[in-house]
Structures are given as structure tokens and as C-alpha cells.
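For the numbers below, each heavy atom of this structure counts, side chains included, while hydrogens, waters and symmetry mates do not. Note that this is a predicted model, so its numbers are computed, not measured.
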Amino acid sequence: MSEDKQVGSNATRVRLEELVPNDFPSVRPWIDPDIFPIFREPVDDEQLERLLTKHEDGRPTSLGYRIVLRQSAQLVGLVHAILDWKNHLAHVGQIVVGDPTLRNQGLGTESLRLLLGICFDRVGVHRAQLFVDEPNVAAVACYKKAGFVVEGLMREASRRKGAYVSWYSMSMLRREWQDSCTGRDG
């Protein structure tokens with residue numbers, strides 16, 4: 001696989017490979033519309049196409065990668081970001097470790113840092129941002145460990161299953177990314 005299609009140093013347990021439509025049967029069960037409200041039941045291929053890498057005018061507008069275990073080549077998750085060129089930012093929309101037995105082992109953090117490396121070092125964004133449900137403690141911890149900072153809480157920002165849910169707004173700036181990579185393979 002070419003360098004453009006595969007990302008990850010040998011120091012990581014995972015690598016990122018470009019997500020392709022053939023991956024849809026594997027990733028479909030991981031997409032929960034309650035967690036990712038851009039999706040609706042039943043999740044079909046047309047919706048999953050939003051997760052693919054796309055380009056417009058020679059620049060990426062969307063980055064979609066599958067998370068693959070380096071040792072076994074097993075597909076275990078996905079990461080996705082939408083790029084906003086006007087503001088030079090990447091909005092991380094989805095990060096999923098699909099197999100529940102592989103969660104809480106740092107694979108999400110490693111995968112997110114690989115995605116951030118693409119966004120900051122290859123693509124050249126100034127800012128990466130995301131929104132995460134306040135009750136999703138594991139995801140908040142993952143994002144903090146990857147270097148994101150909480151900017152604020154958007155109180156009762158969405159309504160799901162008859163209840164309001166608040167979101168944290170989190171971000172990382174290019175200089176924070178560079179500082180976090182000092183002395184580490186980022």
C-alpha cells in the first residue's frame with residue numbers, strides 16, 4: 001500500500017489505511033446513530049460514503065481511515081475528519097474502536113494521534129476540533145490524552161431519546177500539536 005494510503009510508524013500498535021467501500025459491511029455495525037447523529041437507522045452505504053476521503057479542487061475535504069492492528073492486519077475501527085479550508089481546521093467527527101474487547105487499551109488515542117499527524121503535518125491545518133457528549137467519559141479521557149483541551153460545555157445542545165445532552169467543545173492548535181510531538185514520534 002502506498003504511503004498516501006497507509007499511515008503509522010512502527011512504534012504504534014495500529015496503522016491507518018484509507019477507508020474504502022469494501023469496508024462498509026465491517027464498519028456498519030459500529031455506527032450508532034444515537035452517538036453519531038449524522039446517521040439515521042438503518043445505516044446504509046450512501047450514509048457511510050460520508051466517511052470516505054474526498055478531494056475538491058485538488059485538496060482533501062474529508063479524511064476517512066480504517067484503524068488496522070499492525071500485528072494482525074485486523075480492521076478494528078475508523079477515524080474521520082472534515083476539513084474546513086476557509087478556517088484551516090479539521091473537525092474530527094468519528095473515532096470508533098468497533099470491537100468492545102479492544103476498547104480502553106489506548107488504540108483510540110493512538111489512532112487519533114495518527115489522524116492529527118495527517119491533519120497538522122501533511123494537510124497543514126491550524127486547528128483540530130471536536131464535540132463530544134458530556135456523559136461519554138471514556139471518549140473525553142481519550143481526547144485529553146491525545147492532547148485536546150476542553151474549551152467549554154455546550155449545555156443541552158442536542159435531544160436524544162427524549163432527553164437533552166450537553167457536549168464538550170474540545171480543540172488542539174498546531175503549536176500544541178508540535179509541542180506534544182517534541183521528543184516523541186507524533
Side-chain angles (χ1 to χ4, degrees), residues 1 4-8 13-56 60-70 72-84 89-116 118-119 128-143 146 148 153-170:
M1 193 168 272
D4 287 340
K5 305 281 184 190
Q6 180 176 312
V7 179
R13 295 173 291 161
V14 297
R15 67 177 183 263
L16 300 183
E17 298 175 355
E18 193 167 305
L19 189 69
V20 296
N22 286 344
D23 297 324
F24 291 172
S26 297
V27 304
R28 183 176 287 107
W30 304 337
I31 303 299
D32 181 349
D34 286 332
I35 296 172
F36 304 113
I38 66 164
F39 296 99
R40 300 284 177 259
E41 289 288 352
V43 177
D44 59 20
D45 286 0
E46 186 176 329
Q47 293 178 73
L48 292 173
E49 286 175 4
R50 298 175 192 167
L51 300 174
L52 298 175
T53 296
K54 294 182 182 71
H55 292 81
E56 197 173 287
T61 57
S62 176
L63 299 172
Y65 293 96
R66 51 190 265 151
I67 303 169
V68 177
L69 288 179
R70 184 172 295 288
S72 66
Q74 177 188 356
L75 169 62
V76 297
L78 65 92
V79 292
H80 179 256
I82 295 173
L83 301 171
D84 172 349
L89 69 83
H91 181 84
V92 178
Q94 287 77 32
I95 177 164
V96 179
V97 175
D99 182 343
T101 65
L102 295 174
R103 294 180 188 152
N104 300 312
Q105 297 180 27
L107 298 177
T109 302
E110 285 184 33
S111 302
L112 181 55
R113 287 200 56 85
L114 290 172
L115 179 64
L116 291 170
I118 295 167
C119 291
Q129 67 182 26
L130 57 84
F131 304 126
V132 59
D133 291 353
E134 179 185 25
N136 194 341
V137 177
V140 172
C142 169
Y143 304 146
F148 279 81
L153 181 67
M154 297 185 298
R155 300 176 308 137
E156 299 180 0
S158 67
R159 186 169 166 84
R160 288 190 222 130
K161 296 183 179 179
Y164 289 101
V165 178
S166 297
W167 300 339
Y168 285 114
S169 172
M170 301 179 76

From [atom1] ([X]) to [atom2] ([Y]), nearest 0.5 Å:
{"X": "T109", "Y": "L116", "atom1": "OG1", "atom2": "CG", "value": "10.5 Å"}
{"X": "Q47", "Y": "F36", "atom1": "CD", "atom2": "CZ", "value": "13.0 Å"}
{"X": "S169", "Y": "L153", "atom1": "OG", "atom2": "CG", "value": "9.5 Å"}
{"X": "L19", "Y": "L48", "atom1": "CG", "atom2": "CG", "value": "8.0 Å"}
{"X": "M170", "Y": "F131", "atom1": "CE", "atom2": "CZ", "value": "12.0 Å"}
{"X": "Y65", "Y": "L114", "atom1": "OH", "atom2": "CG", "value": "10.5 Å"}

Notebook entry, point to check: With sequence neighbours excluded, what pairs up with W30 under the ring pair (Phe, Tyr, Trp, His ring centres under 6.0 Å) test?
Noted result: none
For the backbone of [Y] and the side chain of [X], can you confirm whether one donor and one acceptor N or O come within less than 3.5 Å of each other?
{"X": "R50", "Y": "I38", "answer": "yes"}
{"X": "S111", "Y": "I67", "answer": "no"}
{"X": "Q129", "Y": "V92", "answer": "no"}

Item checked: Inter- and intrachain pairs under side-chain hydrogen bond (donor to acceptor under 3.5 Å, both in side chains), touching residues 94-103, at least two apart -> H80-Q94, D99-T101
Which pair of heavy atoms, one from [X] and one from [Y], lies closest together, and at what distance?
{"X": "G77", "Y": "L75", "answer": "O-CD1, 3.5 Å"}
{"X": "D44", "Y": "R28", "answer": "C-NH2, 4.0 Å"}
{"X": "T53", "Y": "G64", "answer": "OG1-N, 2.9 Å"}
{"X": "A90", "Y": "L83", "answer": "CB-CD2, 3.6 Å"}

Next item on the list: Would you please name every residue forming a side-chain hydrogen bond (donor to acceptor under 3.5 Å, both in side chains) with D133, sequence neighbours left out?
Entry: R160, W167
Margin query: Test of understanding: with side-chain hydrogen bond (donor to acceptor under 3.5 Å, both in side chains), list the residues that count as partners of N136, not counting sequence neighbours.
Written below: none
Next item on the list: May I have the step-by-step check of side chain to side chain contact (heavy atoms under 4.5 Å, CB included) for E156 and V165, ending in yes or no?
Entry: CA-CA 5 Å; E156 299 180 0; V165 178; over 6 Å; no
Does some side-chain heavy atom of [Y] sit less than 4.5 Å from a side-chain heavy atom of [X]?
{"X": "L112", "Y": "F148", "answer": "yes"}
{"X": "L78", "Y": "L51", "answer": "yes"}
{"X": "I95", "Y": "L130", "answer": "no"}
{"X": "P21", "Y": "L52", "answer": "yes"}
{"X": "F24", "Y": "V43", "answer": "no"}
{"X": "L16", "Y": "L115", "answer": "yes"}

Margin query: Please evaluate residues Q105 and R13 with respect to the criterion side chain to side chain contact (heavy atoms under 4.5 Å, CB included), reporting the C-alpha separation (whole Å), side-chain torsions for both, the decisive distance (0.1 Å), and the verdict.
Written below: CA-CA 10 Å; Q105 297 180 27; R13 295 173 291 161; 4.3 Å; yes
Margin query: Assess whether a salt bridge exists between E18 and R66, defined as any Lys/Arg side-chain N lying under 4.0 Å from an Asp/Glu carboxylate O.
Written below: no
Notebook entry, point to check: Any ion pair linking E56 and K54 (charged N to carboxylate O, less than 4.0 Å)?
Noted result: no
Check: Which residues satisfy the side chain to side chain contact (heavy atoms under 4.5 Å, CB included) test with S72, sequence neighbours excluded?
Finding: L69, Q74
Check: Looking at residues at least two apart in the chain, or sitting in another chain, which of them share a side chain to side chain contact (heavy atoms under 4.5 Å, CB included) with R159?
Finding: Y164
Checklist line | Whether over 12 other heavy atoms sit under 6.0 Å from D34 CG | finding: yes
Next item on the list: Mind running side chain to side chain contact (heavy atoms under 4.5 Å, CB included) on Y168 and V132 for me, showing each step along the way?
Entry: CA-CA 5 Å; Y168 285 114; V132 59; 3.8 Å; yes
Next item on the list: Could you give me the CA-CA distance, side-chain angles and deciding distance for T61 and H55, then say whether side chain to side chain contact (heavy atoms under 4.5 Å, CB included) is met?
Entry: CA-CA 5 Å; T61 57; H55 292 81; 5.9 Å; no
